[in-house]
Amino acid sequence: QQQVKQSPQSLIVQKGGISIINCAYENTAFDYFPWYQQFPGKGPALLIAIRPDVSEKKEGRFTISFNKSAKQFSLHIMDSQPGDSATYFCAASSYYGQNFVFGPGTRLSVLP
Amino acid sequence: DSGVTQTPKHLITATGQRVTLRCSPRSGDLSVYWYQQSLDQGLQFLIQYYNGEERAKGNILERFSAQQFPDLHSELNLSSLELGDSALYFCASSDHRGSYEQYFGPGTRLTVT
């Protein structure tokens, strides 16, 4: 019940295309859903996050879509760029971050 | 730059040894989290401290321990090291005042030979 599932494991997208990464959770107590971006040799960096009271949040080219009834959320990267090539982790948390669970990650490669 | 610092950046040691990893959280953040990241395991939560007290425990081995000091910096102690302990160890901090956001440090790469 603590697990967060993430797919696909890896993704290759052409420059200018849309990258979509999906996550699913079981624990209905989760109430915070962030996405982290990690470049090789660096720590994960918070990209965008959503609370379950909204169905979508957009920041620049990055959008989170959230489906509370299906217990699923996804990251959409519009106009994907080679600089977006990184590993993306979804996560879920409750109780002010005391229960933080990460998905296994998606390695995104954006071809020039 | 997240504002979270970790030292050392790299650490190479032998099996059976003990090492200490250090983390300084962002200014004002009371919570510190430790994570282990190995190639086939993703990010594994180890332990969380809040204002000096242990708040939550994850998949932390008994050979590992941590503490948070009055100045809020934290140390992760790894003992009786095994080859399988080779990984990246990340520290993250959050202010815990209504915010769930965690900010990660650059990590310590531990290699056990």
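Just so it is clear: chains get the letters A, B, ... in the order the sequence lines come, proteins before strands, and each one is counted from 1.
The same ILVMFWY cluster, assembled from side-chain heavy atoms under 4.5 Å apart, contains both A:Val4 and A:Leu47. The hydrophobic clustering, which links ILVMFWY residues whose side-chain heavy atoms are closer than 4.5 Å, places B:Leu46 and B:Tyr50 apart. Grouping the Ile, Leu, Val, Met, Phe, Trp and Tyr side chains by contacts below 4.5 angstrom, directly or via other members, places B:Leu88 apart from B:Leu110.
Rounding to the nearest 0.5 Å places CZ of A:Phe102 at 4.5 Å from OH of B:Tyr35. Going from atom OG of B:Ser94 over to atom CZ of A:Phe100 covers 8.5 Å, rounded to the nearest 0.5 Å.
Side-chain atoms of B:Glu101 and A:Tyr32, non-hydrogen and from C-beta on, do get closer than 4.5 Å to each other.
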Are B:Phe45 and A:Val101 close enough, and set up right, to give a side chain to side chain contact (heavy atoms under 4.5 Å, CB included), and what steps lead you there? CA-CA 7 Å; B:Phe45 168 64; A:Val101 180; over 6 Å; no
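Looking at A:Pro34, neither its backbone nor its side chain comes within 4.5 Å of chain B, counting heavy atoms on both sides.
Between B:Phe90 and A:Gln38 the shortest heavy-atom distance is CZ-NE2, 3.4 Å. Here the closest non-hydrogen pair linking B:Gln102 and A:Leu46 is O-CB, 4.4 Å.
Within 6.0 Å of CZ in B:Arg109 there are 12 or fewer heavy atoms belonging to other residues, nucleotides or ligands. Heavy-atom neighbours of A:Arg61 CZ from other residues, nucleotides or ligands within 6.0 Å: above the threshold of 12. Other residues, nucleotides and ligands contribute over 12 non-hydrogen atoms within 6.0 Å of the CD atom of A:Glu59.
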